[in-house]
Structures are given as structure tokens and as C-alpha cells.
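The shown structure was predicted, so the numbers you read here are calculated from the model rather than taken from an experiment. One-based numbering, in listed order, for ligands and for the atoms of each.
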Amino acid sequence: MPESKIKTETELPRRRYDDVVAGTHELDKIGISVKAHKLLKQLLKENGKLEEIMRDSSNEVEALVGVKNWIEGLLEDSPEALNYYKNERQGRKAFESLQWRDYAAIRLLDYIKNAGREFEDLNLRGALAISNPLKMIWLAVHRGTGGAKPEFFENMIQLFRQLGGADERKPPSRERLEAWMERWPSGLDPRIIQLRQENKERILNVIIDRMDKKEISSVSFKFAPGLSREQKYLQALEWWNDSHFHLSFAVRSPDLVNEMLGHSLDPDTMKMLYRAEKAGIPFFVNPYYLSLLHVRVPYFAIGADLAIRDYVIYSKQLIEEFGHIVAWEKEDKVEPGKPNAAGWLLPTHNNVHRRYPEVAILIPDTVGRACGGLCQSCQRMYDFQSGHLNFDLERLQPKETWPEKLQRLMEYFENDSQLRDILITGGDALMSSDHSLKEVLDAIYQMAVRKIEANKSRKDGEKYAHLVRVRLGTRLPVYIPQRITDALVKILSEFKTRAAKIGVRQFLVQTHFESPMEVTPEARDGIRKLVAAGWTITNQHVLTTASSRRGHTAKLRQVLNEIGVLGYYTFTVKGYMENQHNFATNARAVQEQMEEKVFGVVPEKYHARIRRFPLEAETMVESIREVRQAAGLPFLATDRNILNLPGVGKSLTFRVIGITRYGRRILEFDHDPTRRHSPIIHKMGKVVIIESKPISEYLRHLAEMGEDISEYASIWGYSMGATEPRMPIYEYPEYDFKVTDEITNLQIA
Ligand code: SF4
């Protein structure tokens, strides 16, 4: 959307979000609905003690004190839980030792401790939300008011069931998990391969028709005059193997998407897509990726492509919010000469992102700023609002000034005392041409050599960190695996050979598979080539609603392991209301970790073995298989479930401390204590996130996808998390010298 069309912040939200506090006192007077009343009755009927406290309290403060005394009394038998509540016991081990009932008791005490706190709700464009759940129950009991919604009472019923022991957690068995995993075919299933052949044929025929009618064209892909239809088809089949073909013929309009999908999109979806187009949300779906969507849905794969579909077909919430989306990452906002939110001084305002002392993200001024598609949940939707990143691949060609700028960026890295890990990304690192990528890799190599040289004159304890890890962030192995050509692999392989000689030990390609259905023969072959070049391939999965269905993520881990890819992160969807459709709650992220991923936890006795994985990356497929077989694991759980928090970094250490009237949870996060942060972390405190979706709505969404929501019943109880330990594969190698304690490029007021 052009800037002029972006609506002003002063406009009121358009939807039903009545948990916004326009005036708290007025809201307290709002009567609750019949359904909410019935749920309240059920809550009180199931909890005699709660009813007694509520009825005997003459005001909400008495109710709060009554519940507090009751819960503290219960926790007298559970001193460890009480200490956890008081933060006197912390960390993963302490978290794992908590009983199911403790979660509920701690949540209630947190509700009470935070009663009346006001929060800026960025889901509602900054409106204030107040959490005071026990007051809402008291108002509902005594006056039938308080404005709490049925979703709020559903949450409360589940909370008190957990407290009273009526809801016991029954973790699934391994057999159950495997049955869930069986539901999700992979793109390597011969029946799926056959379906995709049909899709490819249809898409190519549409392209040929449109080219014949001169409705679409490309400078690089033209038919020679006089070719028969069959010859054209054979020619197009060859083009299919060229990544440029997929970029040139990427679909940019809803009508063409629908035509390529055999007119299978229903009218409501089409209406949405037209609205998205009108709102200025770019379309960019390449033919290969589009061919992964089912048109003819076979009985064995019903709903299997949903995680892909939900990345391509925009949601109502995204369309409504586009123009109002606020930036999630504070560190990404950089003013020249001023430190970013994490305190780092950066060489330019748009080429380096930085949060941690050891790592810098490098974004070249190349086509690498674009991607091979546009993922609906991408945080860059914020940038797309201003129209300057809208897949104008011509405009993104590197400018003449780029080589000079690249040198300036390298000087920054060279003179940084702590930096040891560079992640080249964009957009997408592999969207850059081979030439541009080689140029960046060469510059990094030269910089690393100069850094080593400069260190020779520094004393032990004053030396700067050497470069030990280089990473490429790319989704092209998924969006357009044809990009992984022999020429690209040669560049990567040669870089690795050279850089390994000067002490760079880890070479990682970080990709982003969302679904086992994205693991196609083309993707597998591309990954094989990267593995053969000695690069370690890791995956960053985003836990969307569709991909959070039982067993889906576990199956993805397994299928990826089989082609030599290791899990790195499983991210909760970032962002606010614009991503509500794809948002799977953090409770689901913890549930997935505790009930599904847990079957792949690598026993400690194999840690030394997997630590060596990146050093023998060429044999990754065999190495993973060997450890899986020896340990009897369905997959290697090498990824951490995590939320990328504004300012604080990646963490899943949180407690639910409040709830809105609409039942949306309010979470307080702490940073991950197991990794080094900028010293600014000690000034930052905790980060509060209000989720965009109540659990009941998430479950309804799953039900609409045909899920049996009784399989998710324990989700209500997961109101806390503790960040998992990082796997040894991902630890930095040790230096044989002592790095200085000085931190350069940092400015903390
Ligand atoms: S590949 Fe990554 S950066 Fe590109 S659109 Fe998808 S999520 Fe965003």
C-alpha cells in the first residue's frame, strides 16, 4: 500500500475487540452474555470453594484476598512450586519438576499479583487492556456484569479443573505420536509426486497459453518461432529446471493464481485475494511452489497441504491490518549514528542487524533483499506496507556503490571484539546472484584473514574473537530448489575449503521448511548437493496453526532428518493481529515440546557425537541415521521451541500473568539465560506479550481444519515455559586463546 493510503493511528479499531478499555468503569457495567452466564454457573458448580469465596466477598478486593489465601494454603504442601512462583527456583530442571496442579496454582497467584495492571495491546493498535480476572468473576457473580466473554470463562473453567485435579495431564505414548505423524504424507510419497506432476503440467499449459496470447512474457524465456504445442511444452519442461524461470513467471495476481490452480479456489477466497490486491499486499507465488498445492485432494492426504496453503493465501486479518502493522523487532529500527535497541552501533542503517555480541546479520544491497515467495506470516509485511520491498527484482540489482559499502561493513566486523558468527540473509541469501554471493563471501574471507593478522599483535586476553561460523539464511531450497545449481555449490564448497583453513569451523545453511509436503524430490536433491558441499543444513520452522496440528512438526523433523537436515528452531508466529490466522498459541508451543518433541530428545551420551556433526557435514545423512538408530529415536529433537521477542531475543521462558476479557492470554517473558546477550539486557527487564488469539479460538480453528480437539485437551494447562538448552551441535568452538572482555561497537546510555 502506498504511504498515503496508510490509515492514521488515531482511527479506532474496526472489530469486536471489546476487551479494549475505552473506559474501565463503563466496561465493568457491561452485562455478560447468556453463554458467559451459563459458563460462570458451571465454573461455580464445579468449584464450591471458589463459589463460597466469591459469594462471601463484599467487594473484589476481598475476593482477591480470599483466593490468594486459599491458593497459598494449597501450596504449603508444595514448597518447590511456591519457590518457583517466587522466582527462588528457576531454570529448565526446576520447570520440569513442577506438578500439573502447580501450573494452575502459580497462574492464579500471578493473576492476583498482576491484578489491575494495564498493558498496551499492540494487537489493538496500542489500546490499553487491563487484566483482573478475579474481579471479572466477582462482578459476574454479584452483578452479572464485567463484560467477560465466554472464552474468558472457558479458560477459567479449565484453570480450576487443573487446580482441583479434575483435569489430569495424560501425555501421549510414542505409539500415539507415531500414529499422529502417519497422518502427514511427505512430498516424497510417490502418490504425491504423481499429483504434483499433474499440477506442473496444468501450470505449464497455462503459462504457454498466456505466452501465446502475449499476456505474459519474459526477456529470457521465449519460444522460437514455429514451434508446435508439443515442442513448446517440452521447452517449458526444460525451463522448469531453471530458477530464473520461476522468478520470471511468478504469479502476481489472484486471477492467475486461481487459473493455475485449475479454478479450484472458492468465491470467498477469491474475494479475499481481490481485497488483498486492492489493499496493496504484493503477490509473488512462483510456479514450482504453486504446484505443491492440491487441486485434486486424495483420500490419504486430506488437509496435508494446509500449512503451505496458509502461507500463500492471505487471511482476512492480514488484509484488515495491512497499513496498521507495527514493527515487532525493535532492533531493526536503526537511526544513523545511534545505537539500536540492543545498544549496538551499526555501520549503516539497513545492512546489519544485531542483537547478540557474537552474531551479526548481514543484509547485502542485492536481489538478496527479495525472496522466492512471500510468506504470509513474515515480519517483513511491516516493510511491504511502504511499498519499497515489493518484489521489484530489477530495482534490487546491486548498485555501483555496493562494493564500497561492502568494504565498510567488513571494516566494522574486523574491528568488532566479540563477533564470531555472520549470518548472510535478506530477504533470502540465495536470491543474490552467484556473482554477488561470491563477492560477499570473498569479502568475509578477506576480513577474517585481516582479523587474524591484527590479533597477532594483541596480547592474550586482549585478542578479538575470530570468525568461526558463517551462515546463509535462505528459503530457496523450499521455494525454488532449482536455485541450488552445480555452480552455486562450487562457490560454497570452495569458500568452505578456503575458510576452513583459516579456522572457520561451522558452515550452515539455515532454511525454512514448514511442512513435510515441501520436502519434494527437487528439494531433497538440492539439499543433497548442499550437504555434499560440506555445509550443515538446519531448519527454522514456524509453528503456524496448520503446522501445529498433532504430529505435523514431529513428522517434519523426521522427514528432514532423512534428507540430512537438522532442526534449529521451532518459532512461535511473531507479530500481532495481522498474523492471528496463523498464530498458534505459546501454550501449543510448550505442549508440542513436552508431548511430541520429547520423544526425540537426544540422550546425553550421544552429545559428544552430535557435537562433531558440523565438522563432518558431508556425511550428515548417515550421521543422523546412525544416532537415531543407536538411540532408538523417531527423529533428533535438535531444535528449540522459541519465540523471537522484541528487544530480548529468543526465549520460551514465560509465565501467563493475566488474561483479557476476551480470553487472550498475557504472557511475561524473561530472556534466555543460557546465552550471552548485550549487557543492555540487565536494564531491559521482562517483556509482556498479549497473544492475538484465545486458546478457545485456536481450538475452533483446529476444529475447522477437521482436527479432533480432544487430542489437544492439555493445552489449557500449559501456562509456563522454560527455554530448552541449546544442543551441543550449535555451540561455538572454543578458541585456543583468551578473547578480550572489551565489547566494541556498543553504546549503552
Ligand atoms: S522467506 Fe523468510 S524473509 Fe522471505 S518472505 Fe518468507 S519468512 Fe519472510
Side-chain angles (χ1 to χ4, degrees), residues 243 246-247 250-252 276 280-286 288-290 292 307-315 318 322 325 327-329 331-332 350-351 353 361-393 396 423-432 437 471-484 508-515 518 523 526-527 537-547 556 565 568-575 578-579 581-584 642-644 650:
S243 62
H246 294 281
L247 290 171
V251 185
R252 294 170 185 259
I281 308 178
F283 277 95
F284 196 80
V285 196
N286 76 69
Y288 164 79
Y289 199 66
L290 204 57
L292 307 190
I308 303 176
R309 198 167 277 266
D310 278 353
Y311 252 37
V312 172
I313 310 287
Y314 299 137
S315 70
L318 172 65
F322 197 75
I325 300 172
W328 175 268
E329 305 279 6
E331 300 89 316
D332 293 357
N350 62 352
N351 295 104
H353 288 197
I361 293 177
L362 171 62
I363 301 176
D365 280 351
T366 64
V367 184
R369 282 188 178 262
C371 296
L374 177 53
C375 312
Q376 169 161 201
S377 314
C378 180
Q379 68 179 71
R380 297 185 340 134
M381 277 293 174
Y382 166 74
D383 297 306
F384 286 115
Q385 292 177 121
S386 60
H388 70 272
L389 276 178
N390 292 2
F391 292 92
D392 186 345
L393 303 184
L396 290 170
L423 168 59
I424 308 165
T425 175
D428 191 306
L430 294 188
M431 281 292 283
S432 290
L437 185 64
R471 297 187 269 166
L472 300 174
T474 173
R475 186 161 149 75
L476 284 196
V478 186
Y479 266 146
I480 316 180
Q482 293 84 346
R483 170 69 182 99
I484 308 165
L508 271 71
V509 173
Q510 293 196 311
T511 190
H512 172 178
F513 282 91
E514 269 302 287
S515 160
E518 290 173 334
I527 295 288
I537 322 299
T538 62
N539 193 51
Q540 308 204 119
H541 171 64
V542 179
L543 194 71
T544 57
T545 308
S547 75
L556 176 62
V565 179
Y568 194 66
Y569 285 129
T570 296
F571 282 118
T572 301
V573 171
K574 285 191 280 190
E578 73 278 6
N579 279 340
H581 177 83
N582 272 339
F583 180 70
I642 228 106
L643 172 63
N644 212 344
K650 298 171 190 75

Q.
Suppose I only count heavy atoms of Gly373 and a 4.0 Å limit; which atoms of ligand 1 are within that range?
A. 5 (S)

Q: Identify, with sequence neighbours excluded, every residue that meets side chain to side chain contact (heavy atoms under 4.5 Å, CB included) alongside Ala250.
A: Phe284, Asn286

**Q.** Contacts of type side chain to side chain contact (heavy atoms under 4.5 Å, CB included), residue Asn579, not counting sequence neighbours
**A.** Ser377, Val573

Q.
Quick check: do Pro282 and Leu374 have side-chain heavy atoms less than 4.5 Å from each other?
A. yes

**Q.** Flag side-chain contact, heavy atom, 4.5 Å: Tyr314 against His581
**A.** no

Q.
Could you enumerate the protein N, O or S atoms under 2.8 Å from atom 8 (Fe) of ligand 1, written like residue then atom name?
A. Cys378 SG

**Q.** Heavy-atom donor-acceptor pair, His246 side chain to Ile480 backbone, under 3.5 Å
**A.** no

(Q) So does Tyr569 get a backbone contact from the side chain of Gln540, meaning a donor-acceptor N/O pair under 3.5 Å? (A) no

Q: Output all residues satisfying ring-ring contact (aromatic ring centres under 6.0 Å, His included) with His512, sequence neighbours left out; order by chain, then residue number.
A: Tyr311

(Q) Return the closest protein heavy atom for atom 2 (Fe) of ligand 1 as residue, atom name and distance. (A) His512 ND1, 4.4 Å

